[in-house]
Amino acid sequence: MKIGCHLSSSGGYLAMGQTAVSIGANVFQFFTRNPRGGAAKAIDPQDVAAFMAYAREHSIGPILAHAPYTLNAAAAERRIRDFAEEVFTDDLRRLELTPGALYNFHPGSHVGQGAEKGIELISDLLLKVFDEAKPEATTVLLETMAGKGSEVGRSFGELRAIIDRTGLPLGVCLDTCHVWDGGYDIVNDLDGVVAEFDRVIGLDRLKAIHINDSMNANAAHKDRHQKIGQGKIGLDAFARIVNHPALRDLPFYLETPCDLQGYKEEIALLKGLVK
Ligand code: FE
Ligand code: FE
Ligand code: ZN
């Protein structure tokens, strides 16, 4: 099983790899920079080289880089879209140093312009960014969103529209809390949701799972993560999720409200559910 959690990137790549191993993880997620935006720390080539060797030795990966939350490709203001383009391009260039990584971003919030306009803006920005950064060793993932506020990506169809409009080799990261909050009933009809994903997007695009319980009811459109088994999704559903034939070989990344010890326990808990 490929399982890990979100880690602080402040100590660099090797430190994240070592932390992952210390809590029983073989994958991890991290922010490319302060989640609220801002400049990224310079990458230390020695740290990257040491990490790559360590990752090979300990079979770590794929690592998942998460774009800052402030990146909004669908913003109405030009200045905010320019910032998104700059950050996105810079992140993709840096990620070429760690080949095989995934880069996940929240498609954006259309801030009242409508989902269709949002999809158009996001697609335009993706095309520009791919043209500028030419990512070869990184797979860019659209995250499924809960649909709070004016979030784009609240349905599989909205993600499909971005994929179609760009024609880019984009993947998808499915967040269990978000799809549940977004109205997909992964508790009572996991097979149906997986089949719907396959029909609308195609399972070949599914590259990662954010494994989170939810504080809220199905279709609440809230996005409040809860610890595994302590929310409205519940442990039985997670047992089905980690064993589902279409999901079980994907990397799972926890983003629950846990400290390292809590993550270590959740990783053990989820591993224990695998048949
Ligand atoms: Fe996210
Ligand atoms: Fe997520
Ligand atoms: Zn979330």
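Both counts, for ligands and for their atoms, begin at 1 and track the order of listing.
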Which pairs pass salt bridge (Lys or Arg N to Asp or Glu O under 4.0 Å) with one or both residues in residues 156-182, sequence neighbours excluded? R160-D164
Kindly indicate, with the supporting measurements, whether the criterion side chain to side chain donor-acceptor pair (under 3.5 Å) is fulfilled by N216 and H221. CA-CA 8 Å; N216 295 100; H221 302 293; over 6 Å; no
Tell me the ring-ring contact (aromatic ring centres under 6.0 Å, His included) pairs involving residues 252-275, sequence neighbours left out? none
Decide, yes or no, whether a salt bridge links R81 with D124 under the criterion of side-chain N to carboxylate O below 4.0 Å. no
Does E151 form a salt bridge (charged side-chain N to carboxylate O under 4.0 Å, His left out) with R154? I'd like the steps, not just the answer. CA-CA 7 Å; E151 278 174 349; R154 59 196 283 139; over 6 Å; no
Counting distance only, does the side-chain N/O of K264 pair as donor-acceptor with the main-chain N or O of G24 below 3.5 Å? no
Give every protein N, O or S atom lying under 2.8 Å from the Zn ion (ligand 3), naming each by residue and atom. H178 NE2, D223 OD1, H225 NE2
Centroid separation under 6.0 Å, is that true for the rings of F156 and Y184? yes
Atoms of protein origin (N, O or S) under 2.8 Å from the Fe ion (ligand 2): E143 OE2, D175 OD2, H210 ND1, E255 OE1
Treating Ile, Leu, Val, Met, Phe, Trp and Tyr as nodes and any side-chain heavy-atom pair under 4.5 angstrom as an edge, say whether I122 and I80 lie in one connected cluster. no
Taking the six-membered ring where the residue is Trp, are the ring centres of Y103 and F88 under 6.0 Å apart? yes
